Structure formats: structure tokens, C-alpha cells
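Predicted model only: the values in this text are computed from it and were never measured.
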Amino acid sequence: MRTGGKISAAIVVLTDILDRHQPVKTAMRDWGKSARYAGSKDRAWVSGLVLDALRKKNSLASRMGDDHPRALVLGALAFAWGWDIDQIEAATGDEHGPDVLTPDERARLTGAPDAEVPVHVAGDFPEWMTPMMDRVFGADAAAEAQAMAMRADVDLRVNTLKVDAAKATVPLKSANAEPSRLLHTAFHIPAKDPSEREASLESIPAYSKGWVEVQDAGSQIAAAAANAQPGEQVLDYCSGGGGKTIALAAQMNGKGQIFAYDIDGKRLSALIPRLKRSGATNVQLVHPSEPVQLDTLTGLMDCVFVDAPCTGTGTWRRRPDSKWRVKQGQLEKRMAEQTEILASAAAFVKPGGRMVYATCSFLMEEDEDRVAEFLSTHPEFTEEDAAAAAIASGLLTDEGANVVQRFRLPTGSVRLTPRRAGTDGFFFAVLRRVG
């Protein structure tokens with residue numbers, strides 16, 4: 001495809017997302033069905049431009065004086081991709097490209113930004129969230145949010161059930177993977193230029209053999225806070241696709257027992273091939289359709305890991321379309337679910353055992369508030385130092401240990417963000433049952 005045609009395609013896809021409220025993957029799939037001529041590099045180019053337009057939607061609309069898809073895409077070329085006016089003009093006005101630039105568009109694409117804009121514009125987040133962003137980040141709200149509007153790197157977790165980090169180094173060189181600065185058992189792949197196609201990790205033999213799993217470093221650190229030990233009884237209470245389940249299995253060196261529970265049987269079923277590839281043999285699925293039933297585990301668990309459903313604000317770098325779909329009502333619904341899940345999960349912790357509460361959200365309403373509410377109604381639990389728990393796992397490097405200590409909150413919980421740690425947004429707390 002010629003450049004003008006790809007820009008026009010990005011406008012079409014972005015229109016579908018904003019007007020029909022379609023997820024990016026769905027909108028790209030629908031466009032791809034009508035554009036069979038588009039190669040994989042073309043689709044990656046279009047997708048990259050759409051995602052960057054969404055990441056910076058507010059600030060682009062402000063610069064362009066217009067929030068329609070055409071203005072956002074042109075603005076993304078100039079202000080996210082760094083194209084000069086000549087490059088943009090050369091791609092407009094041909095048979096398949098967008099219409100030629102108007103005088104106003106040309107002036108805005110070459111003009112200076114406004115000296116002062118509201119924080120939700122500077123930070124590219126929904127305006128209704130301004131009080132929440134101010135509460136958690138204060139004067140740093142815009143800077144923190146801007147870091148969430150950048151492209152995300154890729155992190156890999158080495159599956160120590162099959163291989164150690166040193167042995168995984170050589171086969172991962174083909175993916176330009178570098179040892180993680182935060183974790184001994186992880187690798188880091190820097191984000192590519194937005195117009196370039198991401199390499200498929202599934203084509204790397206090390207992935208197919210189960211040597212590595214794709215898992216953000218923040219998620220790996222949250223799992224490390226469980227400090228699961230060989231021989232323990234562990235319940236992953238909201239297992240989902242099982243990323244943390246198999247991470248916990250590796251911590252335990254395959255010894256003891258992990259029970260993976262999720263209310264959604266379809267999501268839980270997706271864990272089965274991942275378990276087979278990982279070589280984890282100490283995991284049992286817990287669901288009404290499975291032999292092991294949840295109530296039989298009451299009061300028996302050394303550790304219960306609660307990766308609670310949340311608004312996913314911490315994943316905005318990877319899912320920028322979700323940033324504009326989250327609403328106040330959705331947040332309130334998630335808060336109610338989190339309260340209920342914490343209370344339910346607590347019943348499975350044995351005296352002296354621990355519960356780890358984690359979210360991929362940076363909102364205090366989903367994080368500290370839920371922990372404080374739980375502790376106020378469950379005096380048999382106390383909060384411990386989550387940073388110390390993660391360090392005690394032995395998985396963190398010296399720099400990783402410094403990061404969790406630096407961003408440890410007064411009560412002991414930890415909040416990581418892209419700006420602070422270079423990870424997705426994650427919160428985790430460790431709660432001990434007295435006795």
C-alpha cells in the first residue's frame with residue numbers, strides 16, 4: 001500500500017473505534033476483511049498509527065482544534081511520529097490518500113503548542129478522572145499520565161521449571177531481548193518504532209518449548225510478593241488465563257499444590273495448554289465442572305493470590321482504546337466486585353497464612369481504599385510490607401529491590417507505574433491472617 005492509502009485506512013479504522021465504540025482488534029479485523037490487498041507490514045503500520053492517535057487523543061485534538069478521526073490521525077503523524085509538513089502533504093491528495101490539507105490544518109501542524117492546557121489534555125486521560133489522578137499523583141498527574149501514553153515494551157518471564165536465565169539468553173537474542181534490570185528471571189524487549197511490525201514471539205523456539213512466557217515486569221513483581229514456597233498450598237483466586245498461576249508454580253519449583261480458580265470456565269480452559277507448555281504439574285483447576293470444588297479449600301491455604309478484576313488503567317499503554325471507554329459507573333461496579341472478592345477469598349487463608357491483593361490499576365479507589373475497607377471489617381488480618389515480601393522471593397535484582405522500596409506506600413503496599421518503574425501500572429498488598 002502507498003502511504004496515502006495507509007493514512008486513509010487509519011482514519012477509517014479510527015472512525016470505527018470512536019463512532020461505533022469498537023475495540024482496536026475488532027476494527028482492524030473488519031478493515032482487514034475489506035482490504036485483502038494489505039500485507040502484514042501495512043496492517044502493522046495502520047494499527048500503529050491508530051494506537052498512537054488513541055494514546056494521545058486529548059492533546060492531539062487540542063493541537064488540531066478538532067477531535068475528529070482525520071484530525072487525530074494527521075496530528076499523530078506530526079506530533080507522535082515526528083513527520084514534518086512536507087512528508088504529510090506528500091501523502092495527501094492522491095487517488096487513495098486523504099484530501100489535501102486545509103490552510104487551518106497546515107497552520108496547526110506547523111504551529112507551537114499552547115503554553116497551558118488542562119491536566120487531562122496534557123496527560124491524555126478522561127476529564128472525569130481528574131480528581132482521581134490528582135489524588136494519587138498530585139502535581140505529577142500529567143507527567144505520570146504522559147508516560148502511560150507511550151508505547152509499551154515487551155517483558156518475558158523465564159520459566160525456571162525448564163531453564164535458567166543464562167541458558168535462555170542465546171535463543172532470545174533473535175528477538176533483541178535484553179536481561180531485565182528489575183528481575184533475575186526476566187528479559188526485556190524495547191518497543192519498536194510505531195510504524196514497524198512487532199516480531200511474533202510464538203515463532204521463537206524458546207517460546208514454543210515453554211522456556212519463556214510473555215508477562216509484564218510489574219506483573220512478575222506482583223507475583224513475587226506472594227513469595228510462594230515449595231510444598232505450600234496456594235490458591236490463585238482469580239486465575240483467568242493463568243499467567244500468575246504458572247509464575248507461582250515456578251516459584252514453588254513444582255512442589256506443593258496450586259489451585260487455579262476462576263468463575264469463567266472458558267478463561268480457565270485457556271490455562272490448560274499453557275500449563276502443558278510450561279511443564280507445571282502441581283496445578284489443579286477449580287470450577288463447578290472440575291473434580292476439585294472451591295469450598296473444600298476453606299481455611300487451608302498458605303497463600304491466596306487475588307488478581308482482582310479492575311478498570312485496567314495500568315494497561316493504558318497497551319490498550320489505549322480502553323482508556324476512553326472506562327466510565328464512572330464501571331469503576332463503581334469494579335469497586336463493589338473487589339470488596340466482595342476480597343471478603344470471599346479471605347475465607348480460604350489458614351491462620352498464619354497470607355493473602356496478596358493485586359490490581360493492574362493505579363487508582364486509589366481500587367487499591368488502598370479496598371485494602372483499608374477490608375481490614376476495617378476483618379480484624380483478623382494485618383497488612384505487611386509488600387516490598388519486603390517481593391525482595392524475599394529472591395527474584396528481584398538490586399535495582400528491582402530499590403524500585404519496590406522507593407515506591408512502597410506508608411501502609412506497606414506498592415504502586416508501580418510506567419514513569420516510576422518502566423512497567424505497566426500495578427498495585428499489590430500483602431495481608432496476613434493472625435494466628
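In this structure, the side chain of Thr397 engages the main chain of Arg181 through a donor-acceptor pair within 3.5 Å. Here the side chain of Thr15 pairs a donor or acceptor atom with the backbone of Ile11 at under 3.5 angstrom. Judged purely by atom type and a 3.5 angstrom limit, Ser393 has no side-chain atom pairing as donor or acceptor with the backbone of Ala389. Judged by distance alone, the side chain of Ser269 and the main-chain N or O of Gly265 form a donor-acceptor pair under 3.5 Å. Although no hydrogens or angles enter the test, the distance criterion places a donor-acceptor pair under 3.5 Å between the side chain of Asp84 and the main chain of Gln87. No donor-acceptor pair closer than 3.5 Å links the side chain of Glu127 to the backbone N or O of His120. No donor-acceptor pair under 3.5 Å is formed between the side chain of His184 and the backbone N or O of Leu395. Judged by distance alone, the side chain of Gln146 and the main-chain N or O of Ala122 form a donor-acceptor pair under 3.5 Å.
Annotation for Glu178 and Pro190: closest pair OE2-CG, 4.1 Å, computed over non-hydrogen atoms. What you find for Val404 and Ala387 is that their closest heavy atoms are O-CB, 3.5 Å. Across all their heavy atoms, Glu337 and Pro309 have their closest contact at OE1-CG, 4.2 Å. Residues Arg433 and Ala346 come closest through the heavy atom pair NH1-O, 3.1 Å. When all heavy atoms are compared, the tightest approach of Val286 to Val292 is CG1-O, 3.7 Å.
Taking the six-membered ring for Trp and thresholds of 30 and 60 degrees, Trp81 and Trp45 have ring planes more than 60 degrees apart, a perpendicular arrangement. Note on ring orientation: taking the six-membered ring where Trp is involved, the planes of Tyr237 and Tyr261 are tilted (angle from 30° to 60°). Using a 30° and 60° split on the angle between ring planes, His378 and Phe374 fall in the parallel class, below 30°.
A heavy-atom distance below 4.5 Å is not found between the side chains of Val434 and Phe381. Tyr357 is listed as a side-chain neighbour of Phe427, based on a closest heavy-atom distance under 4.5 Å. Proximity of Trp316 to Ser322: side-chain heavy atoms (C-beta onward) are separated by under 4.5 Å at one or more points. Between Gln233 and Ile258 the shortest side-chain heavy-atom distance does not fall below 4.5 Å. Under the 4.5 Å side-chain criterion, counting only non-hydrogen atoms from C-beta, Pro171 is not in contact with Pro205. The side-chain heavy atoms of Gln229 and Glu232, taken from C-beta on, include a pair separated by under 4.5 Å. Between Val73 and Leu49 the shortest side-chain heavy-atom distance falls below 4.5 Å. Looking at heavy atoms from C-beta onward, Met355 lies out of side-chain contact with Cys303 at the 4.5 angstrom threshold.
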Practice problem: Using the side chain to side chain donor-acceptor pair (under 3.5 Å) rule, take Arg370 and Thr339 through it: C-alpha gap first, then chi angles, then the decisive distance, then the call. | Solution: CA-CA 6 Å; Arg370 301 281 64 77; Thr339 295; 3.1 Å; yes
Exercise. Evaluate the criterion salt bridge (Lys or Arg N to Asp or Glu O under 4.0 Å) for residue pair Asp424 and Arg317; output intermediate values, then yes/no.
Key: CA-CA 8 Å; Asp424 282 351; Arg317 297 186 304 169; 2.8 Å; yes
Quiz item: Step by step, would you call Asp385 with Val430 a side chain to side chain contact (heavy atoms under 4.5 Å, CB included)?
Solution: CA-CA 7 Å; Asp385 189 329; Val430 176; over 6 Å; no
Quiz item: Can you check ring pair (Phe, Tyr, Trp, His ring centres under 6.0 Å) on Trp211 and Phe187, steps first, answer last?
Solution: CA-CA 12 Å; Trp211 285 14; Phe187 283 81; over 10 Å; no
Quiz prompt | Thr245/Ser239 under side chain to side chain donor-acceptor pair (under 3.5 Å): CA gap, chis, key distance, verdict | solution = CA-CA 7 Å; Thr245 301; Ser239 179; 2.9 Å; yes
Practice problem: List the steps and the verdict of side chain to side chain donor-acceptor pair (under 3.5 Å) for His188 and Asp153. | Solution: CA-CA 7 Å; His188 175 83; Asp153 300 335; 3.0 Å; yes
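Residues Gln251 and Asn253 bring no donor and acceptor atom of their side chains to less than 3.5 Å of each other. Side-chain atoms of Thr185 and Thr160 include no donor-acceptor pair closer than 3.5 Å. At a cut-off of 3.5 Å, with distance as the only test, a side-chain donor of Asp367 or Thr359 sits close to an acceptor on the other residue.
Of the charged side-chain nitrogens involved, at least one lies within less than 4.0 Å of a carboxylate oxygen, so that Asp216 and Arg318 count as a salt-bridged pair. Taking a cutoff of 4.0 Å between a charged side-chain nitrogen and a carboxylate oxygen, Lys327 and Glu332 do not qualify as a salt bridge. With respect to the salt-bridge test (charged N to carboxylate O, under 4.0 angstrom), the residues Arg135 and Asp369 qualify. Between Glu213 and Arg157, no side-chain nitrogen of the basic residue sits less than 4.0 Å from a carboxylate oxygen of the acidic one, so the salt-bridge criterion is not met. Checked for salt-bridge contact, Arg415 and Glu368 meet the test: a charged N lies under 4.0 Å from a carboxylate O. By the 4.0 Å N-to-carboxylate-O rule, Asp52 lies too far from Lys56 to be salt-bridged with it. Lys57 and Asp124 are not joined by a salt bridge, as no carboxylate oxygen comes within less than 4.0 angstrom of a charged side-chain nitrogen.
Residue Asp295 places its CG atom among more than 12 non-hydrogen atoms of other residues, nucleotides or ligands, all under 6.0 Å distant. Environment of CD1 in Ile263: sparse, with no more than 12 heavy atoms of neighbouring residues, nucleotides or ligands closer than 6.0 Å. The number of heavy atoms from other shown groups lying within 6.0 Å of CE (Met150) does not exceed 12.
No option in Val349, Val234, Leu297, Asp236 other than Val349 meets the side-chain contact (heavy atoms from CB on, under 4.5 Å) test with Val304. Looking at Lys323, Arg325, Arg319 one by one, the single match for salt bridge (charged side-chain N to carboxylate O under 4.0 Å, His left out) with Asp321 turns out to be Arg325.
Stacking of Arg420 on the aromatic ring of Phe362 is not recorded, the 6.0 Å distance cut-off and the 45° axial limit not both being met.
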